[in-house]
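One is the number of the first residue; the rest follow in order along the sequence.
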Amino acid sequence: MTFRRGSGLYLGLLGADSVVNVALESCQANPVMASAPIAPYNSSPLGNSSSPNASRESLKMEPLADVAMLPGEERVIDKDIIYICPFNAAVKGKVFITNYRLYFKNTDSETPVILDVPLGVVSRVEKMGGASSRGENSYGLEITCKDMRNLRFALKQEGHSRRDIFEIIFKYAFPLSHGMQLFAFLSQEKYEENGWNVYEAMEEYRRQGVPNSEWRVTFINKNYELCDTYPTILVVPYKATEEDLKRVATFRSRCRIPVLSWFHKENHAVITRCSQPLVGMSGKRNKDDERYLDLIREANGTTKLTIYDARPNVNAVANKATGGGYEGDDAYQNAELVFLDIHNIHVMRESLKKLKDIVYPSVEESHWLSSLESTHWLEHIKLVLSGAIQVADKVSSGSSVVVHCSDGWDRTAQLTSLAMLMLDSYYRTLRGFQVLLEKEWISFGHKFASRIGHGDKNHADQDRSPIFVQFIDCVWQMTKQFPTAFEFNERLLVVILDHLYSCRFGTFLYNCESARESNNVRVKTVSLWSFVNRDTSLYINPFYTPESSRVLYPVASMRHLELWVTYYIRWNPRIQHQQQSPVEQRYKELLALRDQYLKKLEELQLSDSTPSSTHLTNSSTPNAAMPNQHITHLQTPF
């Protein structure tokens, strides 16, 4: 089932009892809601924490042996409560709060109703009703989540019964606002692979083919003195001196100078990224910046350098009033400026809010298409994809490009990483995609802490915006249009977004590399990639067919874009959905069967090669080609 613009819509809303099963790893079965995946190993049951305080608390708490706690996770409180389920009637049960999650399990029926929510997902906690409120279940708590759902709980009105649980949820959901550490720093999880080693900047640049006679590596930013939001290792034009870089930095917002993101091995065209020039209302010019962009153009003999400004033209002009601006034709005569009309972080935030309003808790089928259109979410997805296609096409044709928005850490990251995904098949592998995120998003300073608000109670912060969610949505759109081109599957994308919020891993914490280094993130926290790479089979696309030289050009048309139902509407149990398509399931079964036959064939070949079988082997020489024929047949792709 898909929601597609411009075509028929099917929603299993009338009496459907099927479940959106999004327990991606080892979550407990949950017919109402599920949470981010939980590792079942190296853990102890709730109530068996090794902490002395937790042991004392456990004397007052009921054991809950069917939930595996993470190493470092400790119970804080449990309480009888009523969950006001938006899909069914009110459900009586018990809620358990740890320093990592909120866990609810019903006690009033045989059919289990379970909530398992990492507290990092919580955006807002509010008291619902007062001591004098009338009506059943009118007194309690309302929890707004960052992952497209809200939770409501009711308690007894007498004796301020909600005070303790409100304060505890508020404290542990927003630890930074209470002088406490995020859970990632408390976790004691251990994995065989150190996910922090997935991305090594020099190794990745060498894979691309740099340094070379046109581009060089500079360590001018090794102490973050040139730009505190850039990584320490940068690649710049070979002819640019260190003094040139310092002078250019004075003319670029936040000192984010144009640096190389990707190098085309065949035609030597490049994708470079930066922030806006500081032109201002007076139309300032900087000869060093103009010459520097010319060095980028000259590196592969590009006739005209194309500058892709992600912003709408009117926004770029308005930014002049605050000292920013864009590259004018008079100053940058060998460059062509293209505006991509992608709106700012505030527009994207409001768009996702509107989308949440129409998908949670209920979906109104009769006005679905007009409601979806009014959110403009798919329009924004279209504009981001369209911009990335233009970047990829220009580079593929041999022309170098510069990409920027205002500060170069939101729309710029979307465009460069999507274009690189289209151009370079390595980034479409499971490992390569991890490298892409580490490189273009994490090391180059996308402001994850500001955009997501990890551990921060200020839910109305104007810096919050779903820029990274939007990027992952664009990747999902590409996987739908090119089902054999990506080694990873949809599950990986959902796991990444779940842990974008969970604060279980250190991967998406803080705004830039320098902040992560000063907080010792690589030493004190676990990388998400350690968790993912412990069992890569969970994230492999069985239809994947490697094609090293293929450039992907998705269709960025409203007719071809779909709402990502399995992410945005996964909490609604009345949406009929299969976690895995029958075709994919059958294909996996056939692959497993093939592996069995190959293993048996290998065993037969080994037994035939023993000395006692020499006579038999020699006598069967005329038919020796037969096993190879069977292997070829079994390996033929669908």
Side-chain angles (χ1 to χ4, degrees), residues 2-3 5 20 22 36 86 117-118 120-124 142-151 310-312 315 341-364 367-388 405 409-411 413-415 417-418 441 446-454 456 458-477 490 493-494 496-502 508 556 558 561-572 575:
T2 57
F3 289 56
R5 283 188 64 98
V20 179
V22 292
V117 186
V121 167
V122 174
S123 172
R124 186 177 186 179
E142 182 158 6
I143 300 173
T144 305
C145 298
K146 300 171 184 176
D147 61 354
M148 308 296 287
R149 58 177 162 170
N150 297 335
L151 310 174
R311 302 167 293 183
N315 292 28
D341 297 325
I342 302 169
H343 290 280
N344 62 29
I345 62 170
H346 312 296
V347 173
M348 302 310 179
R349 180 179 60 249
E350 293 308 311
S351 179
L352 189 66
K353 278 184 182 176
K354 290 177 183 176
L355 180 61
K356 181 177 179 178
D357 289 341
I358 71 165
V359 301
Y360 189 90
S362 60
V363 180
E364 188 179 358
H367 301 102
W368 170 253
L369 290 176
S370 58
S371 297
L372 180 58
E373 186 174 17
S374 69
T375 70
H376 302 292
W377 183 253
L378 289 180
E379 270 181 58
H380 298 315
I381 295 291
K382 172 195 167 183
L383 287 169
V384 173
L385 274 174
S386 178
C405 47
W409 49 44
D410 290 313
R411 289 165 283 192
Q414 289 178 327
L415 292 167
S417 52
L418 286 170
W441 288 87
H446 174 65
K447 298 173 68 176
F448 283 104
S450 298
R451 299 292 177 257
I452 306 303
H454 295 127
D456 181 11
N458 187 10
H459 62 86
D461 189 342
Q462 291 298 298
D463 268 352
R464 297 200 184 176
S465 188
I467 300 301
F468 186 73
V469 175
Q470 195 173 50
F471 159 73
I472 294 293
D473 193 330
C474 289
V475 175
W476 179 82
Q477 301 287 346
E490 178 185 54
L493 302 180
V494 175
I496 287 171
L497 290 184
D498 280 341
H499 291 300
L500 171 69
Y501 303 121
S502 76
F508 300 119
M558 298 303 270
L561 298 179
E562 303 175 16
L563 182 69
W564 187 6
V565 172
T566 45
Y567 179 71
Y568 296 117
I569 316 186
R570 60 182 168 153
W571 309 120
N572 191 326
I575 300 294

Return the set of residues passing side-chain contact (heavy atoms from CB on, under 4.5 Å) with S386 (not counting sequence neighbours), or none when no residue passes. Q390, A556

List in chain and number order the residues that pass side chain to side chain donor-acceptor pair (under 3.5 Å) with H376, two or more places apart in sequence or in another chain; answer none if no residue qualifies. E379

The criterion is salt bridge (Lys or Arg N to Asp or Glu O under 4.0 Å); which residues satisfy it with R311, sequence neighbours excluded? D309

Please walk me through it: do I467 and W409 pass side-chain contact (heavy atoms from CB on, under 4.5 Å)? CA-CA 10 Å; I467 300 301; W409 49 44; over 6 Å; no

Can you list the steps and then say if V384 with R411 is a side-chain contact (heavy atoms from CB on, under 4.5 Å)? CA-CA 8 Å; V384 173; R411 289 165 283 192; over 6 Å; no

Residues S123 and K146: closest non-hydrogen pair is CB-CG, 3.7 Å

When rounded to the nearest 0.5 Å, the distance separating CG of L385 from CG of L415 is 9.5 Å

Euclidean distance, M348 CE relative to R451 CZ, rounded to 0.5 Å: 12.0 Å

So do M148 and V469 actually touch side chain to side chain, heavy atoms under 4.5 Å? no

Shortest non-hydrogen separation from I345 to S465 and the atoms involved: O-OG, 2.8 Å

Can you name the residues that form a side chain to side chain donor-acceptor pair (under 3.5 Å) with W377, not counting sequence neighbours? D473, Y568

Quick one: list whatever passes side-chain contact (heavy atoms from CB on, under 4.5 Å) with D357, sequence neighbours left out. none

Apply side-chain contact (heavy atoms from CB on, under 4.5 Å) to I381 and W564, showing your working. CA-CA 11 Å; I381 295 291; W564 187 6; over 6 Å; no

Ignoring hydrogens and geometry, is there a side-chain-to-backbone donor-acceptor pair from S374 to S371 under 3.5 Å? yes

Residue set satisfying side chain to side chain donor-acceptor pair (under 3.5 Å) with R124, at least two apart, ordered chain then number -> E126, H459

On a heavy-atom basis, which atom in C145 and which in N150 lie closest, and how many Å separate them? N-OD1, 3.7 Å

Can you tell me how the ring of F508 sits relative to the ring of F448, calling it parallel under 30°, perpendicular over 60° and tilted otherwise? tilted

For residues L500 and H454, report the shortest heavy-atom separation together with the two atoms involved. O-NE2, 2.7 Å

Derivation of the side-chain contact (heavy atoms from CB on, under 4.5 Å) call for L352 and Q470: CA-CA 9 Å; L352 189 66; Q470 195 173 50; over 6 Å; no

Over 60° means perpendicular and under 30° means parallel, so classify the ring planes of F468 and F471, tilted if in between. tilted

List the residues meeting side-chain contact (heavy atoms from CB on, under 4.5 Å) with K354, not counting sequence neighbours, and say none if there are none. T375

Nearest-0.5 Å distance, NE2 of residue H343 to CZ of residue R349: 14.5 Å

Residue pair L372 / L355, side-chain heavy-atom distance below 4.5 Å: yes

What residues, two or more places apart in sequence or in another chain, satisfy side-chain contact (heavy atoms from CB on, under 4.5 Å) together with D456? S177, N458, D461, R464

Write down the atom of P312, the atom of I342, and the distance for their closest heavy-atom approach. CD-O, 3.2 Å

Using a 6.0 Å cut-off, check whether atom NE2 of H367 has over 12 heavy atoms from anything other than its own residue. no

Using atom types as modelled and distance alone, determine if a side-chain donor or acceptor of R570 lies under 3.5 Å from a backbone N or O of V565. no

Using side chain to side chain donor-acceptor pair (under 3.5 Å) as the criterion, list what pairs up with S417, not counting sequence neighbours. W441

Heavy-atom nearest pair, W476 first then L563, reads CH2-O, 4.0 Å

Between NZ on residue K447 and CG on residue D410, distance to nearest 0.5 Å: 8.0 Å

